Protein chains: 2
Amino acid sequence: MKTISQELYKKAKKIIPGGTQLLSKRPEMYLPEQWPAYFEKAKGVEIWDLDGNKYVDMTNMSVGACTLGYSDDDVDNAVINIIKKGTMSTLNCPEEVELAELLLKIHPWAESVRFARTGGEIAAMAIRIARAYSKKDKIAFCGYHGWHDWYLASNLSNDSNLDGHLLLGLKPAGVPRSLINTAIPFEFNNIDQLEMIIEKHDDIGVIILEPMRHDAPKNGFLQKVRDIATKINAVLIFDEISIGWRMNVGGVHLNYGINPDMVILAKAMGNGYPIAAVIGSKKVMNTAQEAFISSTYWTGRVGPTAAIATIKKMQRFNVPAYLDKIGKLIGDGWQKLADKNELDITIHKPNCLISFSFNYPNTRELLTFFTQEMLKRKYLAGTCIYVSYAHTEQVVSAYLKVINEVFKILSTAIKNGNVLNLIEGPLKHDGFQRLIS
Amino acid sequence: MKTISQELYKKAKKIIPGGTQLLSKRPEMYLPEQWPAYFEKAKGVEIWDLDGNKYVDMTNMSVGACTLGYSDDDVDNAVINIIKKGTMSTLNCPEEVELAELLLKIHPWAESVRFARTGGEIAAMAIRIARAYSKKDKIAFCGYHGWHDWYLASNLSNDSNLDGHLLLGLKPAGVPRSLINTAIPFEFNNIDQLEMIIEKHDDIGVIILEPMRHDAPKNGFLQKVRDIATKINAVLIFDEISIGWRMNVGGVHLNYGINPDMVILAKAMGNGYPIAAVIGSKKVMNTAQEAFISSTYWTGRVGPTAAIATIKKMQRFNVPAYLDKIGKLIGDGWQKLADKNELDITIHKPNCLISFSFNYPNTRELLTFFTQEMLKRKYLAGTCIYVSYAHTEQVVSAYLKVINEVFKILSTAIKNGNVLNLIEGPLKHDGFQRLIS
């Protein structure tokens, strides 16, 4: 079917290499040639495409950036009010100091703050400061930390180093060869591996990891990482860009009582307005004074204003507790309806990032078929939901009715062995791959 | 004098290393302990500080980011309207395609576009793509290109490599040592130096420069650089973050008829809303398909919307021609009033970035004294003005009356040899230096 959205995306692929600015927003990651690609309007959990179709978003709410829901009135009104006063000038905006104080109040171990506008650049900033402090260039890392050289360098020695860390097939093209062996990966919850790394390399200056994402830390993992970092004089950075603000208001590390040296935050903190922060101990962060870290558009007023309004609303309504409740409702619903329809799935926590997997071979086909059938019913859906404050119980209840329908179709198709025949377009992509434009 | 602004800045320096997010917005760069530091409101060329003082901005209009003037109604209304439709969703915003098409229409040699949200990251993105294309890691550069590793690496071999390129004293702390000798500086308009570099290094894959800033290219400099890049199979990048949109609507390279392989744009393009773009030939830009370059907050709708509104307004009113006219008025005024008051100054073009220098020793003292006296008269002023569309002839005329007064005071103080005695606080900073918080 030829739609305005699809036509625009075809045009985009001709003039925007990769089609979109974020890999996770490529239509091919969901349902090639059918996913609506562009939105005209978004409010709460509803999205209108360019063809006038209205969908309910049961995927990732802008990859975790809009946890209060789209177009949240409190955040938007705060931003509109500040726009009327001027978003930028030769002088600085007081909101950045207010946001810094708010972040420090939420994270009492931290003493110092700097800002950026995207997750990738705040990670690069944290790495710069950490290397400057430790005076050692090598990094041990776990998890996903963005597109910058320091991270992609990991794949210079081995093309598959990053495969276990969220996205498959990331290429280090354009990353200077001299950075080879500066970033060494370790697996989550695998403390032995990290210990082997520090035995082999005596110059690890930085350890960076997501303190959790889909898996929770086990057997005192975070404390053990903290102890290793302290022992080898490495700066410990927790990347809370994805998990932060979802399990609690702030970084999830607060729940584990582990104090890193630095934490990076972004995504949900701005509810759709670019803002990112690094918080840390004064001792480490003061090294930023020796390193040149400076950008004009970090001085804008919209980002801090949106973040203050977002965080205060999260606090006011205890949004993380709500996400947990709704996520549980969804997970329980999936399990019940899978059982009812004789579909074999496994539910994965945490509830705020609730997901399920199909226990069958050919997962990619099943995922494509699932998304196709949900889209026909006006749901944007995959197998992972970044739950938002706008996902009401009514939204979940209506969604689960459709899930029942689609699980039944899937179950029948699996039994009949004709999933592939029922898929009306190309299979979804699994990871990073070249687009044909 | 204890002011709310000064008190807030003292607090900021305790929790934000470096005090501000941009070196060029540090109060110490203008008038330590007196510069108002923070704004409550900004409109046109007027800025209100936190203490209720109103100033006229005759400095840099947010370091070149607000060329239409602060809080421009056309841009702000476009942004507010889009906020009401939702700034972000799991789907992409069509405005990024519209902006891409607009940029390509303005730059007919270019075929391909990617976006970011700050100048620093768009430069890093262009370098990544260029290195991926040329498959050679070394960079020859001229001018200022931000805070990222690839650029600061230049100072790993020599602490003063970057001194001639806008900012003094930039430190490579935290930049991996293995990047040593990957970025080699050359002087603007010095083609012999660039030729020596390519003779010495056979693996230069990227040449990046500002096609102009305060000095215009001479003796076919840009064409010669283009020829060298072609000869050695290096990707030629023009950094138009500072000069772009000021001399003409688009990049200044259009005026010289030289086609680079890529151009980076930011600052004035968003009139205070974060947005940055790299445009380039399809051949080079398509390498972005092989390199992982992806960020959630690059998908926001505010940046492209602001850029479209800003560019269209620049086109509608031929803003660059206006900047030229007003800049000339200011420059002529300075010269006339300097002559009248027997003050020896030199005017520097281009008019859109009009500036003057004092032809005396102890320039730092004179600059501090000048800014101090202008501030007393409610002008934010240094010796360089990023002219904006909001600088009306009336604004200039009122400003020049005050200049006459202050030039007279300066001239007398110079004759009496008591400039230093008349300065009421510490001297302004010259470049990058550690703050005492």
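Please read all numbers here as calculations on a predicted model, not as lab measurements. Naming: A, B, ... by sequence-line order, numbering from 1 per chain.
Scanning for side chain to side chain contact (heavy atoms under 4.5 Å, CB included) contacts around A/Ala132 gives A/Thr287, B/Ala173, with sequence neighbours left out.
Counting only heavy atoms from C-beta outward, the side chains of B/Val302 and A/Val302 never approach each other to under 4.5 Å. Looking at B/Phe39 and A/Arg301, their side chains come closer than 4.5 Å, going by heavy atoms from C-beta outward. Residues B/Leu22 and A/Ser294 form a side-chain contact, since some pair of their non-hydrogen atoms from C-beta on lies under 4.5 Å apart. Counting only heavy atoms from C-beta outward, the side chains of B/Tyr30 and A/Leu91 never approach each other to under 4.5 Å. For the pair A/Val63/B/Thr299, no side-chain contact is recorded, criterion being any heavy-atom separation below 4.5 Å from C-beta on. Using a 4.5 Å heavy-atom cutoff, the side chains of A/Trp48 and B/Lys85 are not in contact. Side chains of A/Leu50 and B/Pro94 form a contact here, defined as non-hydrogen atoms less than 4.5 Å apart.
For the residue pair A/Thr90 / B/Asp57, a side-chain donor-acceptor distance below 3.5 Å is found, with atom types taken as modelled.
Of the atoms belonging to A/Ile47, it is side-chain heavy atoms, and not backbone ones, that fall under 4.5 Å from chain B. Looking at B/Leu104, only its side chain comes within 4.5 Å of chain A, counting heavy atoms on both sides. The parts of A/Lys267 that come within reach of chain B are both its backbone and its side chain, each placing non-hydrogen atoms under 4.5 angstrom from that chain. With a 4.5 angstrom heavy-atom cutoff, B/Cys66 touches chain A only via side-chain atoms. Within the 4.5 angstrom heavy-atom criterion, no atom of A/Lys43 approaches chain B. Both the backbone and the side chain of B/Leu179 have a heavy atom closer than 4.5 Å to some heavy atom of chain A. For A/Ser295, the parts lying near chain B are the backbone and the side chain together; criterion is any non-hydrogen pair under 4.5 Å. In this structure, the portion of A/Trp35 lying under 4.5 Å from any heavy atom of chain B is its side chain and not its backbone. Only the backbone of B/Asn271 has a heavy atom closer than 4.5 Å to any heavy atom of chain A. For A/Glu95, no part lies under 4.5 angstrom from a heavy atom of chain B. Both the backbone and the side chain of B/Thr87 come within contact range of chain A, with heavy atoms under 4.5 Å apart. Only the side chain of B/Val79 comes within contact range of chain A, with at least one heavy atom under 4.5 Å from a heavy atom of that chain.
Rounding to the nearest 0.5 Å gives a distance of 9.0 Å between CE of A/Met285 and CD1 of B/Ile16. Atom-to-atom distance recorded for B/Glu96:CD and A/Tyr38:OH is 5.5 Å, nearest 0.5 angstrom. Expressed to the nearest 0.5 Å, how far OG of B/Ser178 lies from NZ of A/Lys138 amounts to 10.0 Å. The OG1 atom of B/Thr182 sits 14.5 Å away from atom CZ of A/Arg177, with the distance rounded to the nearest 0.5 Å. Taking CD of A/Gln21 as the start and OG1 of B/Thr296 as the end, the distance is 12.0 Å to the nearest 0.5 Å.
Judged purely by atom type and a 3.5 angstrom limit, A/Lys282 uses its side chain to pair as donor or acceptor with the backbone of B/Lys14. Counting only distance, with no hydrogens or angles, the side chain of A/Asn92 and the backbone of B/Ala37 share a donor-acceptor pair below 3.5 Å. Counting only distance, with no hydrogens or angles, the side chain of A/Thr118 and the backbone of B/Tyr297 share no donor-acceptor pair below 3.5 Å.
Per-residue heavy-atom pair counts under 4.5 Å with chain A were compared for B/Gly146, B/Pro274, B/Gly64, B/Gly300, and the maximum is reached by B/Pro274. Ranked by non-hydrogen atom pairs under 4.5 Å with chain B, the options A/Gly86, A/Ser134, A/Ser112, A/Pro176 are led by A/Pro176. Each of B/Gly120, B/Cys93, B/Ala100 has some count of heavy-atom pairs under 4.5 Å with chain A, and the biggest count is that of B/Cys93. When each of B/Phe115, B/Tyr55, B/Tyr70, B/Tyr386 is scored by its heavy-atom pairs under 4.5 Å with chain A, the top score falls to B/Tyr70. Interface remark: of the candidates B/Ile241, B/Val175, B/Thr59, B/Val175 forms the most heavy-atom pairs closer than 4.5 Å to chain A. Per-residue heavy-atom pair counts under 4.5 Å with chain B were compared for A/Glu101, A/Met61, A/Met88, A/Lys136, and the maximum is reached by A/Met88.
Residues A/Leu8 and B/Val97 share a closest heavy-atom pair of CD1-CG1, 3.8 Å. Taking all atoms of both residues into account, the shortest heavy-atom contact from A/Gln289 to B/Gly18 is CD-N, 3.8 Å. Considering all non-hydrogen atoms of both residues, A/Lys84 and B/Ser71 come closest at O-OG, 4.1 Å.
Using the six-membered ring where Trp is involved, B/Tyr144 and A/Phe292 have ring planes that are perpendicular, over 60° apart on the 30 and 60° scheme.
Within the structure, salt bridge (charged side-chain N to carboxylate O under 4.0 Å, His left out) pairs that include any residue of residues 112-130 of chain A comprise A/Arg128-B/Asp149 (at least two apart or interchain).
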